[in-house]
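Presented below is the structure to which this report refers.
By convention in this document, chain letters (A, B, ...) are assigned in the order of the sequence lines, proteins followed by strands, and residues within each chain are numbered from 1.
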2 protein chains.
Amino acid sequence: MLNRVIFYTLERTIKRYRQFAQNNIDRAGVDITIDQWLVLNVIQESPTLGQQEIGERVFKDQASIARIINLLVKKELLIQSASQQDRRRVDRQITPKGEQLIEAVSPIIAQNRQTALDGLSEETIEQLRQALLLIDGNCQ
Amino acid sequence: MLNRVIFYTLERTIKRYRQFAQNNIDRAGVDITIDQWLVLNVIQESPTLGQQEIGERVFKDQASIARIINLLVKKELLIQSASQQDRRRVDRQITPKGEQLIEAVSPIIAQNRQTALDGLSEETIEQLRQALLLIDGNCQ
DNA sequence: GACTGTTCAATGATATGTCATATAATTTTA
DNA sequence: TAAAATTATATGACATATCATTGAACAGTC
């Protein structure tokens with residue numbers, strides 16, 4: 001009965017994909033979580049964003065971003081320093097180690113996505129997206 | 001750019017729905033989380049299941065179920081006692097307070113689902129399900 | 001009946017999610 | 001310019017997710 005509720009299918013699919021993706025990263029011997037990688041990636045592309053804005057890009061809240069950034073710093077993938085212009089803010093810079101890690105993981109993520117979408121046409125994916133956006137809009 | 005990745009849309013949609021659903025429960029003045037309600041519901045329908053089996057029904061692992069059950073007991077929605085037949089197992093019974101809560105929340109959940117799916121035809125939902133199941137299968 | 005392997009539940013450690021609040025710095029307003 | 005409102009980050013408290021381990025109880029085998 002629960003199986004017929006589309007939201008269960010949604011939950012299950014996203015959990016399955018996350019586990020699949022994380023497993024492939026672990027198997028490659030890289031010590032990072034998907035979420036950490038996502039945040040690191042956003043910082044690389046947009047180093048001036050604040051925690052709130054980073055969060056908006058990856059659908060996480062500010063507190064989660066703060067903690068993930070802390071871990072990235074601990075792992076020496078990221079360096080932070082107080083901004084000179086606005087001392088509430090923080091300047092961030094990916095370390096060489098961080099750059100290497102992004103390079104190492106990117107193809108794995110790309111492969112994950114491709115494998116997960118095997119057999120789905122562009123059109124099907126677009127329909128999927130539209131359906132999800134509709135649900136998303138209904139919940140606002 | 002991230003917006004074009006279907007898995008972001010998936011993440012965002014499921015998070016939005018969860019927040020929407022939880023808000024409506026909170027607004028009704030009921031002190032329970034969606035996850036706790038789901039587990040309570042499964043126990044009501046199938047009181048003899050073990051933690052592992054409960055987890056399979058709601059896509060959670062055994063450790064999560066153990067902790068959620070603990071909270072349900074603390075909230076006096078559930079009573080546990082050692083099973084006589086197999087003393088590793090636990091007999092569970094929903095309390096009257098738990099029954100009342102399930103009754104109170106069920107229509108809210110139903111309404112949530114209906115609202116979230118507003119404007120999606122049966123056919124669209126079925127296509128959505130099929131696409132998700134494909135992805136799910138690809139990740140196994 | 002003792003040994004071995006399996007099952008069930010509990011829990012430690014760590015990461016993330018959510019809400020609320022704290023603190024410091026900046027901007028706006030009076 | 002002093003006070004008030006806003007902003008950026010950090011963090012406390014609690015719930016959930018995941019992995020690993022422990023301990024107790026059971027099942028099968030000899």
Using a 3.5 Å cut-off and no angle test, enumerate the donor-acceptor pairs between side-chain atoms of residues 28-35 of chain A and protein atoms at least two apart in sequence or in another chain.
| unit_1 | atom_1 | unit_2 | atom_2 | d |
| --- | --- | --- | --- | --- |
| A:Thr33 | OG1 | A:Gln36 | N | 3.0 |
| A:Asp35 | OD1 | A:Arg18 | NH2 | 3.1 |
| A:Asp35 | OD1 | A:Lys60 | NZ | 2.6 |
| A:Asp35 | OD2 | A:Arg18 | NH2 | 2.7 |

query: For B:Gln51 and B:Gln62, does a side-chain donor sit closer than 3.5 Å to a side-chain acceptor?
result: yes
message: For residues 130-140 of chain A, which residue pairs pass the side chain to side chain donor-acceptor pair (under 3.5 Å) check, not counting sequence neighbours?
response: A:Glu126-A:Gln130, A:Asp136-A:Gln140, A:Asp136-B:Arg16
query: Given atom CG of A:Leu49 and atom C1' of D:dA8, what is their separation to the nearest angstrom?
result: 13 Å
- prompt: What does A:Leu71 touch in the nucleic acid at a heavy-atom separation under 4.0 angstrom: a base, only the sugar-phosphate, or nothing?
  reply: sugar-phosphate
Name each donor-acceptor pair under 3.5 Å that joins a side chain in residues 97-106 of chain A to protein atoms two or more places apart or in another chain, with its distance.
| unit_1 | atom_1 | unit_2 | atom_2 | d |
| --- | --- | --- | --- | --- |
| A:Lys97 | NZ | A:Lys75 | O | 3.2 |
| A:Glu99 | OE1 | A:Gln44 | NE2 | 2.8 |
| A:Ser106 | OG | A:Ile102 | O | 2.8 |

- request: Between A:Ile68 and A:Gln84, name the one whose nearest nucleotide on DNA chain C is closer to the 5' end.
  value: A:Ile68
task: For A:Asn70 and A:Arg67, test the side chains for any donor-to-acceptor distance below 3.5 angstrom and give the result as yes or no.
output: no
For nucleotides 22-25 of chain D, tabulate all protein N/O to nucleotide N/O atom pairs closer than 3.5 Å, reporting atom names and distance.
| unit_1 | atom_1 | unit_2 | atom_2 | d |
| --- | --- | --- | --- | --- |
| D:dA25 | OP1 | B:Arg87 | NH2 | 3.4 |

task: For B:Ile14 and D:dT16, give me the distance from atom CD1 to atom P, rounded to whole Å.
output: 16 Å
query: Going 5' to 3' on DNA chain C, which nucleotide is the first and which the last to come under 4.0 Å of a heavy atom in chain B?
result: C:dT7 to C:dC19
query: Which part of the nucleic acid, if any, lies within reach of B:Asp61 when heavy atoms closer than 4.0 Å are counted: base, sugar-phosphate only, or nothing?
result: base
Could you go through nucleotides 10-12 of chain D and list every protein N or O atom that sits under 3.5 Å from one of its N or O atoms, giving the distance for each pair?
| unit_1 | atom_1 | unit_2 | atom_2 | d |
| --- | --- | --- | --- | --- |
| D:dA10 | OP2 | A:Gln51 | NE2 | 2.7 |
| D:dA10 | N7 | A:Gln62 | NE2 | 3.0 |
| D:dA10 | N6 | A:Gln62 | OE1 | 3.3 |
| D:dG12 | N7 | A:Arg67 | NH2 | 2.8 |
| D:dG12 | O6 | A:Arg67 | NH1 | 3.3 |
| D:dG12 | O6 | A:Arg67 | NH2 | 3.2 |

